[in-house]
J.: 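Here you go, one structure.
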Amino acid sequence: MENWDLFLAPYEQAVEELKLKLKNIRKEYRTLHRHTPIEFVTGRVKTRESILEKMEMREIEPEDMLIGVQDIAGIRIMCQFVEDIYEVAELIKERTDFKVLLIRDYIHHHKPSGYRSYHMVIEYPVQRAKNVETVIVEVQIRTLAMNFWATIEHSLNYKYQGEYPKHILERLERASEAAFMLDQEMSEIREEIREATQFFEQRYEDPDTAINKGNYEVNQ
């Protein structure tokens, strides 16, 4: 790769455009006073070093990079409830501005370590100055509990390179089950949570009660 900045530029553009589109979906739901399945959205583009490290770890040849590294661009969507994950997935499937290539449901079929998340690989067209470049973007959809567990596991994975000691693996599995049980409990009372959230948001939209409203502007 002669010019990494030039190579990564379409991926960076794709991430910014997708973040904006997904945040606008969230805004639309809130404008309609409906429960939004999207809590917040983040995104990133792998660095040159991270791409090369992954290629070396997985023994990916340079000519196979675009096939072997499908998460050069990544979008992460956080949801309150497991049910929201599947609602977001359906919204993504129905869009016409990009194409879903692959789905991996690690919620119904979690990894041996306990990892749970919903992954979608999409093909996204990026309008550049003189042409359209199609890039691959990985979209991960998780609950906050799943993300907490995955963040810890990611750090441990770097330390142990995936070869966890038995006692660490057992604890990771137990922690994953605990996180999933939390999600299930929250799903049981999701209607009460939604009503409380809606009440809170409507209350602070009223200028007569919007004291220190700026303190509540989160996840914009």
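Everything numeric in this text was worked out from a predicted model, so none of it was measured.
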J.: Walk me through it: do Ile107 and Tyr86 pass the test side chain to side chain contact (heavy atoms under 4.5 Å, CB included)?
T.: CA-CA 10 Å; Ile107 299 173; Tyr86 292 97; 3.6 Å; yes
J.: Please determine whether side chain to side chain contact (heavy atoms under 4.5 Å, CB included) holds for the pair Gln140 and Ile77, giving the CA-CA distance in whole Å, both sets of side-chain angles, and the decisive distance to 0.1 Å.
T.: CA-CA 6 Å; Gln140 299 178 353; Ile77 304 170; over 6 Å; no
J.: Check for a donor-acceptor pair, side chain of Thr151 on one end and backbone N or O of Asn147 on the other, with a separation under 3.5 Å.
T.: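 Yes: the side chain of Thr151 pairs with the backbone of Asn147.
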J.: Could you tell me how the ring of Phe81 sits relative to the ring of His35: parallel (under 30°), tilted (30 to 60°) or perpendicular (over 60°)?
T.: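 Geometry flag for His35 against Phe81: tilted rings.
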J.: Would one find more than 12 heavy atoms of other residues, nucleotides or ligands at under 6.0 Å from atom CZ of Arg171?
T.: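 Open: at most 12 neighbouring heavy atoms sit under 6.0 Å from CZ of Arg171.
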J.: Check this for me: Glu56, atom CD, are more than 12 non-hydrogen atoms of other residues, nucleotides or ligands nearer than 6.0 Å?
T.: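 No, CD of Glu56 has 12 or fewer neighbouring heavy atoms, counting only those of other groups under 6.0 Å.
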J.: For the pair Val41 and Ile75, evaluate side chain to side chain contact (heavy atoms under 4.5 Å, CB included) and give the outcome as yes or no after the intermediate values.
T.: CA-CA 7 Å; Val41 182; Ile75 293 289; 4.0 Å; yes
J.: Count I, L, V, M, F, W, Y as connected when their side-chain heavy atoms are under 4.5 Å apart, and connections chain through other members. Are Ile60 and Leu66 then in the same cluster?
T.: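 Same hydrophobic cluster.
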J.: Measure the spacing between CD of Gln70 and CD1 of Ile122 and express it to the nearest 0.5 Å.
T.: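 Rounded to the nearest 0.5 Å, the CD-CD1 separation comes out at 12.0 Å.
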J.: Before you tell me yes or no, could you show the steps for Arg44 and Asp71 under salt bridge (charged side-chain N to carboxylate O under 4.0 Å, His left out), namely the whole-Å CA-CA distance, both residues' side-chain angles and the distance that decides it to 0.1 Å?
T.: CA-CA 9 Å; Arg44 62 99 185 98; Asp71 63 342; 3.7 Å; yes
J.: When you check the side-chain N and O atoms of Asn24 and Tyr29, is any donor under 3.5 Å from an acceptor?
T.: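 Per modelled atom types, Asn24 and Tyr29 side chains form no pair under 3.5 Å.
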J.: Using 30° and 60° as the class limits, which term best fits the ring planes of Trp149 and Tyr115: parallel, tilted or perpendicular?
T.: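 Answer is tilted, since the angle falls between 30° and 60°.
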J.: Do Arg142 and Ser117 get their side chains close enough for a donor-acceptor pair, meaning under 3.5 Å?
T.: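 There is such a pair (donor and acceptor under 3.5 Å, judged by atom type) between the side chains of Arg142 and Ser117.
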J.: Could you go step by step and tell me if His108 and Tyr118 meet the ring-ring contact (aromatic ring centres under 6.0 Å, His included) rule?
T.: CA-CA 9 Å; His108 285 137; Tyr118 193 96; 8.5 Å; no
J.: Please answer whether the main-chain N or O of Leu6 pairs with a side-chain N or O of Asn3 as donor and acceptor at a distance below 3.5 Å.
T.: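 Checked: pair present.
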J.: Could you check whether atom NZ of Lys27 has more than 12 heavy atoms from other residues, nucleotides or ligands sitting under 6.0 Å from it?
T.: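 Open.
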J.: Before giving the answer on salt bridge (charged side-chain N to carboxylate O under 4.0 Å, His left out), spell out for Arg174 and Glu177 the whole-Å C-alpha distance, their side-chain angles and the decisive distance to 0.1 Å.
T.: CA-CA 5 Å; Arg174 289 200 298 270; Glu177 289 304 315; over 6 Å; no
J.: Step through the shown structure and confirm whether more than 12 heavy atoms of other residues, nucleotides or ligands are within 6.0 Å of CD on Glu59.
T.: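 Atom CD in Glu59 is not crowded, with 12 or fewer foreign heavy atoms closer than 6.0 Å.
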J.: Start with the C-alpha gap between Glu138 and His119, add the side-chain angles, then the distance that decides, and say whether side chain to side chain contact (heavy atoms under 4.5 Å, CB included) holds.
T.: CA-CA 7 Å; Glu138 183 186 68; His119 291 197; 3.5 Å; yes
J.: Taking only Lys NZ, Arg NE, NH1 and NH2, and the carboxylate oxygens of Asp or Glu, determine whether Glu90 and Lys93 approach each other closer than 4.0 Å.
T.: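 A salt bridge is present here (some side-chain N lies under 4.0 Å from a carboxylate O).
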J.: Given 3.5 Å as the limit, does a donor-acceptor pair link the side chain of Gln13 with the main chain of Gln127, or not?
T.: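 Indeed, once roles are kept as given, a pair shorter than 3.5 Å links the two residues.
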J.: Does a side-chain N-to-carboxylate-O contact under 4.0 Å join Arg116 and Asp183?
T.: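 A salt bridge is absent here (no side-chain N lies under 4.0 Å from a carboxylate O).
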